[in-house]
Amino acid sequence: MTRHLTLAVSALALCASAAWAETVAVITPYLAQPGTQAYVEGFEAAAAERGWDVNVIDTAGDVAAVISRIEDAVVQNVDAIVINVDPAQVGVGLMAAADAGIPVVGMDAGSDPLVAANVTSNGYGMAAETAVYVANRINGEGAVVMFVFDAFPPVQIRGVVADAIFGNFPDIEVLDRVTPDVSDGGIADSRAKMEAILAANPEPGSIAAVWAAWDQPALGALQAIEDAGRAGEGIVITGIDANPQARDAIAAGGNFEASIAQDFNGIGSTAADVVARLLAGEELRESVIYVPTMLVTSANAAE
Amino acid sequence: MTKTLRQSGTLLGFAAIIVFFAVQLPETFLTARNLINISQQLSMLAVVAATMTIVMVMNDFDLSVGSMASLAGIVAATVFTMDYPIWTALLAALLVGAAGGLFNGFLVSVIGILPFVATLGTLTVFSGLAFLISDGKTIFGRDIPAGFSGFARGGIELGDVRIPFLTVTAALVILVCWFVLEQTTFGRRLYAIGGNKEAAHLAGIKVKRLRLLAFGLTGLGAAGAGLMYAARVASANPTQGSGLMLDAIAAVFLGMTMSRQGEPRVLFTLVGVLILGILDNGLTQMQVDSYIREILVGLIVIAAVAVASFSKRR
């Protein structure tokens, strides 16, 4: 039985081994997540155009297995390795790749001296865009509720930028800077926090806007505002990430007006560009490469 | 004759897998470097599986080993963040492992809950504790001392090759488990319990106390593997050990197909671990889709156990 299986494997392997081409291993524990799938699809499409042989490896949440698979790829002597995992956690694998002279490129992976370049979205830029949207919509005056999460560095930088922008408008007052409990996903607790803030500020117009550092608190705030019967006050809500639930809410044309979509596919294809540059022998000057993001409003939310 | 066939079937399959990869990957598979890689990649699973064998000898189970491994990593990392020396953190984590294992043993042998149910319960408890202590966050970076993560990077230099410390640790644990189970009265009594609990009890074996101890050892092993895992990834995350449990049980089952009476043996468990690890390594190098790899691993476990139970019936 085992030998029959072995035969089956060999048949598969024969089909898989294409003509000689550059081999790139894409290794991630997070392939089940929609964002990661989009990175990988973007990468595969760009790699197919170049005729590369791409091996996508998902370790189903197991970070130590990422190290193991990086080591395997190094032994196999691939031409490049692409990761979508925090480099700090797979340092042993990155060192093995560095010793073998195999370049490693990150797709939204975080920066590390052993990663030639990390391709990601600009968190500073995304926060600036939504914060400025809020400031302009309320004509530079009124009370703003912020939902932030400073314990998680990629989200923390968003809060810093929004602080700076709101601080630059003399008539904008930050009413509260809330860190919701995210253990249940972030919507429920944000809603509870927003309900408390609404109760504390009962006057119509006393809250001009809600700026959220990601979509879940924005959705929670939206539910609170609608349930409190204050949807008609024109409170402007913005989020970041433009997840499907947020897009639906934005398309509905209610208080949730804007979010930012990261170009996950573009991150994948840009990572392929970076791999191509490295394979061509180019020395990269910048270790972080940003892929443009897009503001999502009711005008384009359905796309 | 059928018995010999049954016993050697898995071993033949194992050999076939090695030959297959050696032929398919002539330049990379049977190299010292790759074999050392595999041994290091497998070290954590080997420790969990070897200590899991101890309870499985008594026909018991421990489903909580994966979350115990996560919890041990979190406990050690949390102690690190409080600036205690490394050995305190390791000791704390191992103590938590032994205590958790003894608690499993208490539930199973003193209270009398089915191991499946009891350890399913503690799986959730340990996992919840890991989340609670860590606040759900990954502990990494400067919080993890270099001496700790360095252990997973270092090894014993032997001429051109370097045997990783993780591999050495796993080998020592396997050796200890083998000695305890096969060379001591404690081990023989566990096998007696596995053969027939009632008879063992009537023969004067203190079944309750032995089961308690055995679960304690399994918990200790799980915590050790959790520390190895945390050192390897230089971080601790409340879910990182969860993959170990099913693989460990699969490895013991694969091993059981090789023994005379179908009882678990540590060295056969090691073969089971090697089969799983070599498939992962070889199929990755051959660029077989990772999902197909998972399906294959599952099918091979089923096939081996099916062949074994089929020939047993005849």
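Numbered from 1 within each chain, the chains take letters A, B, ... in sequence-line order.
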Quiz item: Quick one: what part of Thr284(B) sits under 4.5 Å from any heavy atom of chain A, side chain, backbone, both or neither?
Solution: both
Quiz item: So what's closer than 4.5 Å to chain A heavy atoms on Arg232(B): side chain, backbone, both or neither?
Solution: both
Quiz item: Side chain, backbone, both or neither: which part of Val75(A) has an atom under 4.5 Å from a heavy atom of chain B?
Solution: both
Exercise. Counting only heavy atoms closer than 4.5 Å, note whether Ala73(A) contacts chain B via side chain, backbone, both or neither.
Key: neither
Practice problem: Give, as side chain, backbone, both or neither, the part of Thr23(A) having an atom under 4.5 angstrom from any heavy atom of chain B. | Solution: side chain
Practice problem: Identify the residue among Val115(A), Val119(A), Thr120(A) that makes a side-chain contact (heavy atoms from CB on, under 4.5 Å) with Val288(A). | Solution: Thr120(A)
Self-check item: Under 3.5 Å side-chain donor-acceptor pair for Asp108(A) and Tyr39(A)
Solution: yes
Practice problem: Side chain from CB out, backbone as N, CA, C, O: work out which of these in Thr239(B) comes under 4.5 Å of a heavy atom of chain A, or both, or neither. | Solution: neither
Quiz prompt | Asn55(A) and Gln76(A) side chains, donor-acceptor separation under 3.5 Å | solution = no
Exercise. For residues Ile74(B) and Asn237(B), report the shortest heavy-atom separation together with the two atoms involved.
Key: CD1-C, 3.8 Å
Quiz item: So, for Met44(B) and Tyr229(B), which heavy atoms are closest and what is the spacing to 0.1 Å?
Solution: SD-CA, 3.5 Å
Self-check item: Residue among Leu25(B), Ile38(B), Asp135(B), Thr28(B) with most heavy-atom pairs under 4.5 Å to chain A
Solution: Thr28(B)
Quiz prompt | Partner of Leu296(B) under side-chain contact (heavy atoms from CB on, under 4.5 Å), chosen from Leu279(B), Leu283(B), Val301(B) | solution = Leu283(B)
Quiz prompt | Contact winner vs chain B - Val56(A), Val54(A), Asp62(A), heavy-atom pairs under 4.5 Å | solution = Asp62(A)
Quiz item: Given a strict heavy-atom distance threshold of 4.5 Å, which part of Tyr291(B) is in contact with chain A: side chain, backbone, both, or neither?
Solution: side chain
Quiz item: Relative to chain B, which segment of Val66(A) carries a heavy atom at a distance below 4.5 Å: side chain, backbone, both, or neither?
Solution: neither
Quiz item: Using a distance-only test with no angle check, is there a side-chain donor-acceptor pair under 3.5 angstrom linking Thr28(A) and Thr36(A)?
Solution: no
Quiz prompt | Interface moiety of Asn77(A) toward chain B, non-hydrogen atoms closer than 4.5 Å | solution = neither
Exercise. Measure Glu27(B) against the heavy atoms of chain A and call it side chain, backbone, both or neither at under 4.5 Å.
Key: neither
Quiz item: Shortest non-hydrogen contact from Ala152(B) to Leu166(B)?
Solution: CB-CD1, 3.9 Å
Quiz item: Is the Phe165(B) ring parallel, tilted or perpendicular to the Phe151(B) ring (thresholds 30°, 60°)?
Solution: parallel
Quiz item: If you count heavy-atom pairs under 4.5 Å with chain A, which of Leu42(B), Asp280(B), Asp289(B) comes out on top?
Solution: Asp280(B)
